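Working notes for the structure below.
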Amino acid sequence: MSSVSHHDEHDENDYDFRRIEARWAPVWEELAPFSTSDAPESKPRKYILDMFPYPSGDLHMGHAEVYALGDIVARYWRQRGFTVLHPIGWDSFGLPAENAAIKRGADPREWTYENIEQQKASMKRYAASFDWDRVLHTSDPEYYRWNQWLFLEMYKKGLAYRKDSWVNWDPVDQTVLANEQVLPDGTSDRSGAVVVKKKLTQWYFKITDYADRLLDDLNQLEGSWPAKVLSMQRNWIGRSVGADVDFVIEGHEAPVTVFTTRPDTLFGATFMVVAPDSDLAAELASGSTPEVRAAFQDYLEQAQKKSEIDRQDATRDKTGVFLDRWAINPVSGERIPVWAADYVLADYGHGAIMAVPAHDQRDLDFARTYDLPIRMVVDTTAPMTGTIPVITEEMLNEEPPTIDPAITGEALTGDGRLINSGPLDGLSKSNAIKRAIELLEERGTGRASKTYRLRDWLISRQRYWGTPIPIMYTEDGEEVPLEQDALPLELPWEKGMDLKPKGTSPLGGLEEWVATTTPDGRPARRDTDTMDTFVDSSWYFLRFLDPRDSTKAFDPAQAEKWAPVDQYIGGVEHAILHLLYARFITKVLFDLGYVSFTEPFSALLNQGMVILDGAKMSKSKGNLVYFTEELDRFGVDAVRLTMAFAGPPEDDIDWADVSVTGSQKFLARAWRLSGEVTAPVGADPETGDTALRRVTHKYLSEVPGLIEAFKFNVGVARTMELVNAIRKAIDSGPGAGDPAVREAVEVVAVGLSLYAPHTADDMWQRLGHFDGTKETLVAFAGWRKADPLLLVEDQVTAVVQVDGKVRDRLEVSPKIGNDELEALARASAAVQRAIGDREIAQVIARAPRVVNIATKK
RNA sequence: GCCCCGGUAGCCCAAUUGGCAGAGGCAGGCGACUUAAAAUCGCUUCAGUCUGGGUUCGAGUCCCAGCCGGGGCACCA
């Protein structure tokens with residue numbers, strides 16, 4: 001045997017992913033098939049967006065998943081005849097670059113743009129169908145100048161402002177953090193350090209102005225966004241509805257307002273508590289006796305020494321200090337003591353509460369610690385029917401169990417009948433809430449009110465690698481915004497610049513840059529902080545519409561054409577931060593008249609994580625699966641297909657549970673078919689084998705619904721079925737020359753183009769369709785219409801049950817009627833045997849599927 | 001403590017409005033091809049759907065209670 005000819009034959013008929021990848025990568029590079037710059041006006045449009053990556057190192061398996069899934073969606077809509085905008089860029093400002101630069105003593109730009117080049121090469125290898133003409137990097141001056149523009153627009157509207165406040169300080173990264181960046185355990189989501197509080201003057205975006213809209217508009221996204229994300233956002237915004245109540249403080253000019261969700265318990269308020277770190281507490285203490293002042297100072301210092309973790313521990317004992325001040329209940333006129341205690345937070349509500357120990361567990365714990373009065377005002381033993389209290393005879397005869405919170409230590413928060421509450425007596429909880437608010441409003445000492453967990457977005461960062469804040473300060477402290485034509489205010493770089501975190505921005509060290517003059521010629525100093533990088537990503541989807549536009553951030557006309565994003569794909573780790581900010585900025589841009597929509601992402605898909613052996617992959621655990629290694633071993637298409645096939649996209653993929661080899665074998669099976677087809681291009685499929693055509697057309701009709709429901713795993717399974725059916729047709733059916741076989745293999749190629757672009761294009765070429773032009777790539781072949789005649793089965797199996805158990809199966813016409821089916825069922829010998837001598841009670845026929853005969857018991 | 005999601009074969013997962021529990025894959029077994037093996041092809045074993053109730057002619061699917069797993073929020077007034 002000639003080994004040479006043997007080898008040649010091998011070459012032609014063996015699936016060699018390396019050779020196939022090497023064949024197509026240069027073709028795609030040359031044809032730039034997914035550029036949308038020449039999109040015809042006539043075609044419908046889709047904007048499919050994958051969350052853009054941060055350029056730290058090379059791509060990892062998580063990227064491999066998101067870009068595989070996003071690409072399925074993009075390629076699907078292209079096959080459906082849409083012009084698909086599927087851009088990519090880099091979220092390239094941020095701390096990792098800066099930390100790497102410090103380690104290497106170099107410019108963060110070098111590290112950043114080297115990584116971008118590496119990731120870009122990997123993405124191209126991965127064959128993601130991006131529009132490479134629209135690449136953007138948020139660290140380019142041409143991008144971040146529009147962050148500055150946005151900041152100034154918001155500044156003009158009072159939505160960007162500076163305030164002095166207690167902020168979250170990351171002692172490792174030496175910068176402030178937004179609330180959203182502090183994890184529930186009080187550590188930084190970046191460095192992992194325990195966050196401490198620091199009082200600083202910082203820039204904020206007034207996201208709280210949008211709290212109601214951010215909450216209410218979530219209803220529009222119901223069904224299109226994962227329920228989990230909607231619930232997380234609702235929790236995060238945390239709207240509480242209740243009342244503001246004004247308490248006069250003896251010897252204090254202004255009344256103190258408290259927020260409460262339970263104005264019905266106003267008569268049960270037996271003391272007031274203010275947050276020790278609030279201005280109000282300091283004020284009240286300073287007006288008190290020297291002893292109180294000293295005790296308060298002492299308490300405040302202790303409270304501030306506590307870490308965020310200790311402070312949030314709900315189980316720890318309540319502490320506080322009496323301020324020797326007295327407040328007057330605006331409804332009852334009662335005189336109640338005022339305390340300072342750190343279970344009240346300075347930055348929630350008004351930083352002060354009315355304490356109702358009988359009906360609030362925290363207040364009760366505090367009252368029991370300091371021996372303060374506890375008064376029940378809601379009798380929760382009175383059962384309610386609607387809003388009318390009902391007392392049964394049984395209850396009158398029974399010795400009632402003690403429910404007094406002062407004895408049990410359990411606050412009563414349930415519904416009940418109001419007692420000890422003057423005009424509210426006898427009312428139910430909900431009616432008493434309404435009535436109490438009316439009473440307060442009549443007297444002008446309170447009003448209905450809402451408060452939120454959401455705080456304003458702190459955007460200042462004391463680090464280098466970000467967007468400079470376009471504000472300067474004159475010698476007398478006046479804020480002066482930059483003029484638009486002074487933008488971009490470029491981020492300066494000096495060789496040997498010290499970027500080490502030291503608590504103030506590194507830009508402060510560049511005297512030449514900091515010292516400037518106002519437009520009217522006064523000496524001034526620039527703000528040396530940079531913006532939170534979440535500002536960058538809060539509007540990038542609009543910049544993709546024309547990333548080279550040097551005259552504006554984006555073109556409203558283009559936004560009208562493409563936006564909002566039809567499908568957004570990314571990890572659930574951004575469920576709050578990025579998505580909340582992007583929603584906020586979109587609403588701001590709407591209010592400013594730049595866009596006509598109020599939500600940026602019409603639909604959202606969260607993919608799960610790629611894990612290994614049940615554990616998150618990490619370098620420290622040493623259980624990393626390397627992206628490049630997987631591609632080298634199994635090929636791009638097999639890795640992509642595995643991502644799609646592993647399971648529902650939102651579930652985690654355990655790389656130990658999947659078989660990339662299996663994917664590879666399947667691709668080889670499918671690919672080989674394209675070499676076996678002998679029917680000529682254009683052979684009329686209608687002259688082919690009907691049984692195979694039924695399978696093919698069922699595939700054509702079912703798969704679109706599956707893809708649109710993100711059931712990619714089922715879509716792949718259906719493609720496997722079709723391939724199996726073709727294999728059978730060739731080996732033991734009508735044979736490789738049948739036009740239906742050609743039709744089916746072509747449908748496989750188009751179907752596979754969503755998951756395995758190299759294999760699909762190679763099949764398409766072997767089937768004789770590719771002529772070197774962009775239009776003849778399989779990506780543009782189009783999804784064929786299923787022939788409805790082939791979808792109608794001429795025989796279906798009807799099941800006959802007796803008392804719910806399957807006793808016979810009948811081959812019947814799909815058009816059979818209930819009566820006829822029932823008659824057939826009754827005639828069945830197997831059925832009669834099952835019935836025996838029992839009497840038939842009822843027969844349910846659901847033609848053409850099922851007949852159930854129920855017998856009398 | 002409050003809220004949300006999920007439990008189907010050894011494993012990953014399917015299953016229109018309630019209507020034959022199994023589509024697909026992995027792993028395993030047997031066979032064909034081969035001197036042999038790999039590759040390939042064919043055939044094939046395996047659960048009655050977490051538990052207990054309920055509704056129904058009929059429940060993986062709907063309702064109630066519970067168990068287990070995952071997630072979010074939580075001294076938020």
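Source: prediction; values computed, not measured. Numbers restart at 1 for each chain; the letters A, B, ... are given by sequence-line order, proteins then strands.
- Looking only at distances, a side-chain donor or acceptor of A/Asp654 sits under 3.5 Å from a matching main-chain atom of A/Gly614.
- Figure legend. B/G28 is base-paired to B/U44; pairs are counted as Watson-Crick or G-U wobble with both atom distances under 3.5 Å.
- Residue contacts shown for A/Ser732 are absent, as no nucleic acid heavy atom lies under 4.0 Å away.
- For B/C62 and B/A14, the P atoms lie 15 Å apart once the distance is rounded to whole Å.
- For the P atom pair drawn from B/C73 and B/G60, the interatomic distance equals 36 Å after rounding to whole Å.
- Within 6.0 Å of atom CG in A/Asp212, more than 12 heavy atoms from other residues, nucleotides or ligands are found, so the atom counts as buried in its surroundings.
- Among the protein residues, A/Lys698 comes within range of no part of the nucleic acid, since none of its heavy atoms lies under 4.0 Å from any strand.
- A tilted orientation is assigned to the rings of A/Tyr370 and A/Phe366, their planes being inclined by 30° to 60°.
- Going from atom CZ of A/Phe645 over to atom P of B/A23 covers 14 Å, rounded to whole Å.
- Across all strands shown, B/A39 forms no Watson-Crick or G-U wobble pair with both distances under 3.5 Å.
- Spacing of C1' atoms, B/A9 relative to B/G28, comes out at 13 Å, to the nearest Å.
- Applying the 90° cutoff around 0 to the glycosidic angle, B/G58 is assigned anti.
- What separates NZ of A/Lys450 from C1' of B/C76 is a distance of 17 Å, to the nearest Å.
- With no hydrogens or angles considered, no side-chain donor-acceptor pair links A/Thr208 and A/Tyr452 at under 3.5 Å.
- Between the side chain of A/Gln361 and the base of B/G1 there is no donor-acceptor pair of N/O atoms closer than 3.5 Å.
- Looking at heavy-atom distances under 4.0 Å, A/Arg718 makes contact with a base.
- Across B/A15 and B/A21, the matching C1' atoms stand 8 Å from one another, rounded to whole Å.
- In summary, the side chains of A/Trp655 and A/Glu630 do present a donor paired with an acceptor at a separation below 3.5 Å, with no hydrogens or angles considered.
- Among the heavy atoms of the strands lying under 4.0 Å from A/Pro648 are primed sugar atoms or P, OP1, OP2 only; no base atom is included.
- If you check B/C76, B/U17, B/G24 against the side chain of A/Ala717, the one that comes closest is B/G24.
- Comparing the same atom, C1', in B/U49 and in B/G6 gives a spacing of 14 Å after rounding to whole Å.
- Counting any heavy atom pair closer than 4.0 Å across all strands shown, A/Asn724 reaches sugar-phosphate atoms only and no base atom.
- Base pairing analysis places B/C13 opposite B/G22; the two distances defining the Watson-Crick or G-U wobble pair are each below 3.5 Å.
- To the nearest whole angstrom, the two P atoms, one in B/G54 and one in B/G72, are 38 Å apart.
- Pairing for B/G58 is absent, judged as Watson-Crick or G-U wobble with the two contacts each under 3.5 Å.
- Within 4.0 Å of A/Ala646, counting heavy atoms only, lie sugar-phosphate atoms of the nucleic acid but no base atom.
- Searching all strands for a Watson-Crick or G-U wobble partner of B/U51 with both distances below 3.5 Å returns B/A65.
- At a cut-off of 3.5 Å, with distance as the only test, no side-chain donor of A/Thr451 or A/Tyr348 sits close to an acceptor on the other residue.
- Heavy atoms of A/Glu721 sit under 4.0 angstrom from primed sugar atoms or phosphate atoms, though from no base atom.
- Using a 4.0 Å heavy-atom criterion, one finds that A/Ser231 contacts no nucleic acid atom at all.
- When the P atom is used for both B/C3 and B/G48, the distance is 34 Å, rounded to whole Å.
- Going from the P atom of B/U61 to that of B/C50 covers 8 Å, rounded to whole Å.
- Looking only at distances, no side-chain donor or acceptor of A/Thr265 sits under 3.5 Å from a matching main-chain atom of A/Gly268.
- Residue-level contact check: A/Arg807 touches neither bases nor backbone, having no heavy atom under 4.0 Å from any strand.
- With a cut-off of 3.5 Å on both pairing distances, the Watson-Crick or G-U wobble partner of B/C2 is B/G72.
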